[in-house]
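Structure record follows, encoded as structure tokens.
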Amino acid sequence: MPLCSPSLSLCGIIISIWGVIQLVLMGFFYKMHSLALAEDLPGLEGNVSTPDLVRAAANMGYEQNAFNCWIAACLYIITLLVSGHQFYLNSRNSISM
């Protein structure tokens with residue numbers, strides 16, 4: 001039983017594919033400690049006194065953000081599967097009518 005229209009399921013597929021690509025790439029660049037993403041690191045706003053503490057906080061922030069990106073990419077994969085299933089059900093129903 002389809003829960004959404006064919007156009008909505010196709011839109012979900014396209015957005016999910018883009019989300020997976022973007023978040024996997026961002027997770028990879030966070031894992032590689034890309035300097036361009038340093039502004040988004042958590043934990044550097046507080047009073048960090050020594051360079052060693054700054055480096056440790058940055059490393060922990062990079063790892064945490066990479067992990068978060070990969071979790072979000074997995075959620076987009078689930079959305080892709082649900083949208084693909086709905087698209088399949090809608091296309092099967094339109095052929096049988």
Side-chain angles (χ1 to χ4, degrees):
M1 178 175 117
L3 299 175
C4 58
S5 68
S7 58
L8 181 61
S9 59
L10 183 61
C11 180
I13 290 171
I14 293 169
I15 289 173
S16 297
I17 290 172
W18 174 249
V20 168
I21 292 169
Q22 179 183 358
L23 288 168
V24 165
L25 286 175
M26 284 183 64
F28 173 75
F29 289 127
Y30 272 119
K31 191 70 172 169
M32 294 293 118
H33 294 213
S34 175
L35 192 57
L37 299 172
E39 291 179 0
D40 298 324
L41 295 178
L44 295 179
E45 300 88 16
N47 294 330
V48 183
S49 56
T50 65
D52 290 333
L53 290 176
V54 171
R55 189 175 298 116
N59 286 338
M60 192 167 62
Y62 275 119
E63 295 299 320
Q64 184 63 47
N65 280 358
F67 187 68
N68 290 345
C69 284
W70 290 329
I71 289 173
C74 290
L75 293 175
Y76 267 112
I77 289 172
I78 292 170
T79 305
L80 175 65
L81 293 174
V82 170
S83 296
H85 182 256
Q86 289 299 306
F87 188 77
Y88 170 74
L89 289 178
N90 282 317
S91 65
R92 192 179 67 173
N93 282 346
S94 66
I95 291 173
S96 65
M97 286 183 181

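Side-chain atoms are counted along with the backbone in the values below, which use heavy atoms only and exclude waters and symmetry mates. Residue numbers run from 1 in the order of the sequence given.
The CD1 atom of I17 sits 12.0 Å away from atom OG1 of T79, with the distance rounded to the nearest 0.5 Å. Between atom CH2 of residue W18 and atom CG of residue L23 there is a gap of 10.0 Å, rounded to the nearest 0.5 Å. Rounded to the nearest 0.5 Å, atoms CD1 (I15) and CG (L10) are 10.0 Å apart. Between atom OG of residue S34 and atom CZ of residue F28 there is a gap of 10.0 Å, rounded to the nearest 0.5 Å. Rounding to the nearest 0.5 Å gives a distance of 9.5 Å between CG of D40 and OH of Y62. Atom-to-atom distance recorded for C4:SG and F87:CZ is 10.5 Å, nearest 0.5 angstrom.
Side-chain atoms of S9 come within 3.5 Å of backbone N or O of P6 as a donor-acceptor pair. In terms of modelled atom types and a separation under 3.5 Å, the side chain of Y30 and the main chain of Q64 share no donor-acceptor contact.
A continuous path of hydrophobic side-chain contacts links I14 to L25 [ILVMFWY only; heavy atoms under 4.5 Å]. Under the 4.5 Å side-chain heavy-atom criterion for Ile, Leu, Val, Met, Phe, Trp and Tyr, I77 and V24 are members of the same hydrophobic cluster. A single hydrophobic cluster is not seen to contain both F67 and L41; linkage of ILVMFWY side chains at heavy-atom distances under 4.5 Å, directly or through other members, places them apart.
Residue pairs that meet the salt bridge (charged side-chain N to carboxylate O under 4.0 Å, His left out) test with at least one member in residues 16-35, sequence neighbours left out, are K31-E63.
Considering every non-hydrogen atom in both L37 and M26, the closest pair reads CD1-O, 4.3 Å. Y76 and V20 get closest at one heavy-atom pair: CB-CG2, 3.6 Å.
P42 is listed as a side-chain neighbour of N65, based on a closest heavy-atom distance under 4.5 Å.
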